[in-house]
There are 4 protein chains.
Amino acid sequence: MTDQSVSSTMWPTSNLRNFMSLAVSNLAPGKRLQQKEARRNDIIEAALAEFASQGFTATKLDDVAVRAGIGKGTIYLYFNSKESLFEEVVRCTLFPGREMAESYVEDFEGTATELMVNHFRFIYGFFQNEKVPLLLAIVLAEAARFPQLAQFFFDEMIRPSRQLIQDIIERGIASGEFRASASLIHHQLLISPAVLAAIFNLQFHQQEPIDFAVYSEMHIDFILRGLKA
Amino acid sequence: MTDQSVSSTMWPTSNLRNFMSLAVSNLAPGKRLQQKEARRNDIIEAALAEFASQGFTATKLDDVAVRAGIGKGTIYLYFNSKESLFEEVVRCTLFPGREMAESYVEDFEGTATELMVNHFRFIYGFFQNEKVPLLLAIVLAEAARFPQLAQFFFDEMIRPSRQLIQDIIERGIASGEFRASASLIHHQLLISPAVLAAIFNLQFHQQEPIDFAVYSEMHIDFILRGLKA
Amino acid sequence: MTDQSVSSTMWPTSNLRNFMSLAVSNLAPGKRLQQKEARRNDIIEAALAEFASQGFTATKLDDVAVRAGIGKGTIYLYFNSKESLFEEVVRCTLFPGREMAESYVEDFEGTATELMVNHFRFIYGFFQNEKVPLLLAIVLAEAARFPQLAQFFFDEMIRPSRQLIQDIIERGIASGEFRASASLIHHQLLISPAVLAAIFNLQFHQQEPIDFAVYSEMHIDFILRGLKA
Amino acid sequence: MTDQSVSSTMWPTSNLRNFMSLAVSNLAPGKRLQQKEARRNDIIEAALAEFASQGFTATKLDDVAVRAGIGKGTIYLYFNSKESLFEEVVRCTLFPGREMAESYVEDFEGTATELMVNHFRFIYGFFQNEKVPLLLAIVLAEAARFPQLAQFFFDEMIRPSRQLIQDIIERGIASGEFRASASLIHHQLLISPAVLAAIFNLQFHQQEPIDFAVYSEMHIDFILRGLKA
DNA sequence: CATGAATGAGGGTTCATTCAT
DNA sequence: TATGAATGAACCCTCATTCAT
């Protein structure tokens with residue numbers, strides 16, 4: 001195996017599922033505001049579930065309302081439209097992962113190899129939350145007709161994700177762990193197998209589920225083989 | 001470098017665009033049947049264009065009919081529903097690529113390395129047809145709501161695609177070109193970067209188009225690094 | 001009385017009600033087209049009834065469809081929106097009157113006084129069709145929020161109406177029947193009592209209906225007093 | 001000319017704009033009641049502005065509340081429904097004009113001609129307040145669907161208005177200024193040009209605004225010609 | 001008294017599907 | 001066989017009205 005040296009600092013993937021609720025429920029000034037915030041979260045959570053199972057267009061706001069246990073019109077007290085609700089769902093679901101990854105990479109002090117390994121383990125952990133790949137699939141499929149969403153997704157998710165990986169690669173090149181030509185590698189080369197596997201696992205799990213534990217380690221091993229000096 | 005040794009037998013990517021029309025216009029018994037077949041193809045081609053640019057739900061059968069130059073009701077003489085039309089479109093668009101790839105791999109007589117290189121060059125050539133990645137994106141996003149389509153897609157596209165790659169890998173292991181442990185590699189590890197890059201190139205080409213010529217060679221190089229003995 | 005000299009050529013007000021149907025049912029090429037045309041008229045007639053009794057905003061297209069004996073969606077085969085349907089209703093209801101008046105004035109060969117008298121008798125006859133004043137009231141009330149309609153109404157109804165009256169006045173001045181300063185008179189000064197009386201008669205007929213026969217002659221007499229040399 | 005003899009006692013049109021506020025702020029028993037009354041006026045004023053610019057149906061109570069600087073629910077502490085609020089707005093906007101006109105006519109001691117002239121000058125001054133004609137237009141258009149409003153409007157505005165004009169006419173006949181047959185003249189004959197001109201000026205001012213100063217004097221002149229002995 | 005969050009019926013509009021011609 | 005007019009269910013969104021705080 002190539003990933004021998006991988007060490008200590010593992011990602012606590014177990015609590016990834018609580019990202020969203022943690023992220024939104026800040027301290028609230030008054031009781032009224034607190035409730036409003038809670039209600040807003042209810043809607044986002046219900047919408048997430050509906051979008052994930054129905055796709056964007058096929059999702060009915062009625063169903064979102066029913067699932068959230070509120071009236072149909074209430075949604076419009078919190079969001080301007082179905083589309084902006086979807087954007088919020090994407091934001092709330094995907095942002096926490098990005099932020100955690102960013103701060104982890106920044107603070108990490110081990111070797112680049114270790115960091116790369118841990119970063120991808122984190123990614124796989126994040127994708128375990130089945131909503132994430134579903135949203136990714138929806139965005140990938142419908143981005144063309146929602147330019148605003150496409151821009152937002154590119155700026156806030158794709159670009160930062162690329163930056164992280166490039167940073168890690170640069171660090172590895174500087175330390176002599178990775179080959180110099182690795183700086184040219186497009187980050188999609190590295191991350192695509194994780195994204196697609198997550199999506200496939202959802203959409204085709206009836207046909208043939210992928211064993212993420214095995215798949216992810218093989219992927220990481222493959223990456224290290226491709227990068228090593 | 002790993003990618004220099006690639007040789008001779010290149011794919012004639014230039015005529016990839018004609019796949020579909022070729023694939024569908026099979027021999028027809030009588031003249032009447034021939035016309036029916038032609039009409040059916042017109043519809044599929046028109047539907048492909050619409051599905052590709054609008055997505056599944058947003059595509060209107062009116063527009064398909066207009067583009068095909070026929071009446072709206074005529075579509076229902078050839079297809080039972082919008083959904084089954086979509087399935088046919090997927091089938092007709094993706095099958096030819098599979099079949100060409102299969103016969104190519106079967107007949108190839110060079111090294112496994114060469115074959116792998118050419119196979120992926122073919123895949124990238126096939127994905128150049130911009131309809132293909134869009135259909136993939138749609139299938140990936142909506143598979144959950146079209147179980148029949150998901151099953152068909154898995155059986156007819158994913159499984160054969162995996163088989164091909166595994167065959168090539170086995171051949172390379174047998175010849176000593178690839179490491180023995182490569183037989184365990186999931187084919188998605190190898191193919192995902194091509195699929196996702198194609199989709200990204202469509203949905204985010206406004207943000208940052210990928211140079212396929214560069215990307216594909218880098219991808220192939222990366223694969224060979226990961227597989228080599 | 002001032003209107004003594006009024007003579008012969010009276011307006012056949014009795015058939016004013018048939019304007020619309022006459023105006024639209026042109027000869028139709030094929031049977032299919034004929035039916036489409038008929039259906040279109042059905043919708044306009046139903047819409048006229050609904051708009052007249054409910055006003056623009058309060059009119060439900062469901063009700064229009066029910067009254068026309070068709071499905072709700074059918075309306076959109078003939079009109080782009082509720083607003084454009086309303087425009088068509090206005091056009092079909094008010095145009096015939098304008099055109100008849102124009103050709104009558106042009107062809108008339110008697111004195112200006114006679115012409116003025118007959119013109120206003122025609123106007124009162126036209127307003128007997130109770131739909132007309134109702135549409136006028138709606139336009140007057142909602143024009144501000146439908147600029148397109150306002151423009152159309154001004155160009156096609158108000159301006160031509162003014163032109164007719166000014167023509168008659170000029171003719172009377174030339175013949176010495178009317179005072180020279182009458183050329184400065186705004187046409188609204190002359191026509192407003194007819195318009196408002198028609199509207200009042202509809203909206204307040206429960207309170208105190210106006211006897212049009214008496215009112216119109218008094219109005220005409222008043223006009224002649226104000227114009228005479 | 002007929003309009004030169006108009007004399008002295010002109011209407012102080014300058015302060016017509018303050019009618020409304022004056023009219024509503026009656027003396028209030030206690031301080032609490034005074035505040036309630038003030039709040040009520042705020043709502044009416046805000047509603048007037050909204051109704052005038054949006055029409056009845058298009059006016060949103062949210063906007064009224066925002067404009068009044070109060071909560072949305074508060075409106076229902078003062079009015080039973082949107083409709084009754086509208087009635088109150090009409091009442092408060094149109095009443096003051098009626099009352100001022102009535103007392104002016106009653107107290108006037110000059111000739112009937114002078115009185116008629118001044119009365120119409122007052123009317124035109126009153127209509128300068130752009131809210132008035134808009135409310136008139138709305139009432140005219142929607143009276144059929146608000147029978148209660150129609151009745152109120154007829155009793156409180158139309159009938160008194162007619163009475164005033166008939167009084168002036170009678171006075172003129174008695175003094176020999178007006179022809180005897182003038183007693184039969186319907187008051188709408190005289191007042192319609194003012195009403196419609198005001199409405200037209202609002203709804204079609206983009207197309208062709210009417211110069212009220214000129215128009216009103218021509219109208220008055222026309223009336224005197226029609227009435228004179 | 002005052003608030004404003006919550007409601008849910010209802011409207012305009014779309015579009016897959018049907019069927020008479 | 002082919003058509004395209006007709007349908008009507010469904011969806012997003014609005015807003016007058018209510019009521020717990």
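All heavy atoms count here, side chains included; hydrogens, waters and symmetry mates do not. A, B, ... follow the sequence lines: proteins, then strands. Residue 1 opens every chain.
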| message | When you measure only distances, ignoring hydrogens and angles, does the side chain of Lys72(A) come within 3.5 Å of the base of dG10(E) through a donor and an acceptor? | response | yes
Please state how far atom [atom1] in [X] lies from atom [atom2] in [N], giving the value in whole angstrom units.
| X | N | atom1 | atom2 | result |
| --- | --- | --- | --- | --- |
| Tyr76(A) | dC13(F) | OH | C1' | 5 Å |
| Phe56(C) | dG12(E) | CZ | C1' | 10 Å |
| Leu61(B) | dT3(F) | CG | C1' | 15 Å |
| Asp62(A) | dC12(F) | CG | P | 7 Å |
| Ile43(D) | dC1(E) | CD1 | P | 12 Å |
| Phe79(D) | dC1(E) | CZ | P | 14 Å |
| Gln54(A) | dA10(F) | CD | P | 14 Å |
| Asp63(A) | dG8(E) | CG | P | 16 Å |

Counting only side-chain heavy atoms from C-beta out, which of [options] sits nearest to [X]?
| X | options | answer |
| --- | --- | --- |
| Tyr78(A) | dA5(F), dC13(F), dA6(E) | dA6(E) |
| Leu77(D) | dC1(E), dG11(E), dT17(F) | dC1(E) |
| Thr74(B) | dT7(F), dG12(E), dT3(F) | dT3(F) |

| task | Would you check if the side chain of Thr93(C) reaches a backbone N or O of Val89(C) as a donor-acceptor pair within less than 3.5 Å? | result |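 Yes, the answer is positive, given that a donor and an acceptor are paired below the 3.5 Å cut-off.
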| Is the side chain of Thr74(D) donor-acceptor paired with the backbone N or O of Ile70(D) at a distance under 3.5 Å, no angle test? |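 Not a single qualifying donor-acceptor pair exists.
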| request: Could you tell me which nucleotide pairs with dT21(F) by Watson-Crick or G-U wobble geometry, both distances under 3.5 Å, or answer none if nothing does? | output: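 The base-pairing partner of dT21(F), which may sit in any strand shown, is dA2(E).
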| query | Would you say a side-chain N or O of Arg39(C) is under 4.0 Å from OP1 or OP2 of dA5(F)? | reply |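 Result: no.
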| Contact nearer the 5' end of DNA chain E, comparing Asn80(B) with Gly73(D) | Gly73(D)
| Nearest-nucleotide comparison on DNA chain F, the residue closer to the 5′ end among Gly71(C) and Ile75(B) |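 Whichever sits nearer the 5' end wins; that is Ile75(B).
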| said: Any heavy-atom pair between the side chains of Leu134(C) and Leu48(C) that's under 4.5 Å? | reply: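 No, every pair of side-chain atoms sits at 4.5 Å or beyond.
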| request: Only pairs at least two apart or in different chains count here, so list each ring-ring contact (aromatic ring centres under 6.0 Å, His included) that has a residue in residues 52-84 of chain D. | output: Phe51(D)-Phe56(D), Phe56(D)-Phe86(D), Phe56(D)-Phe146(D)
| message | Can you pull out every side-chain hydrogen bond (donor to acceptor under 3.5 Å, both in side chains) where at least one residue sits in residues 47-63 of chain B? Sequence neighbours excluded, please. | response |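 Those involving residues 47-63 of chain B are Glu50(B)-Arg67(B), Asp62(B)-Lys72(B).
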| request: Using a 4.0 Å heavy-atom cut-off across all strands, classify Thr57(C) as base, sugar-phosphate, or nothing. | output: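 The answer is nothing, as Thr57(C) stays clear of every strand by at least 4.0 Å.
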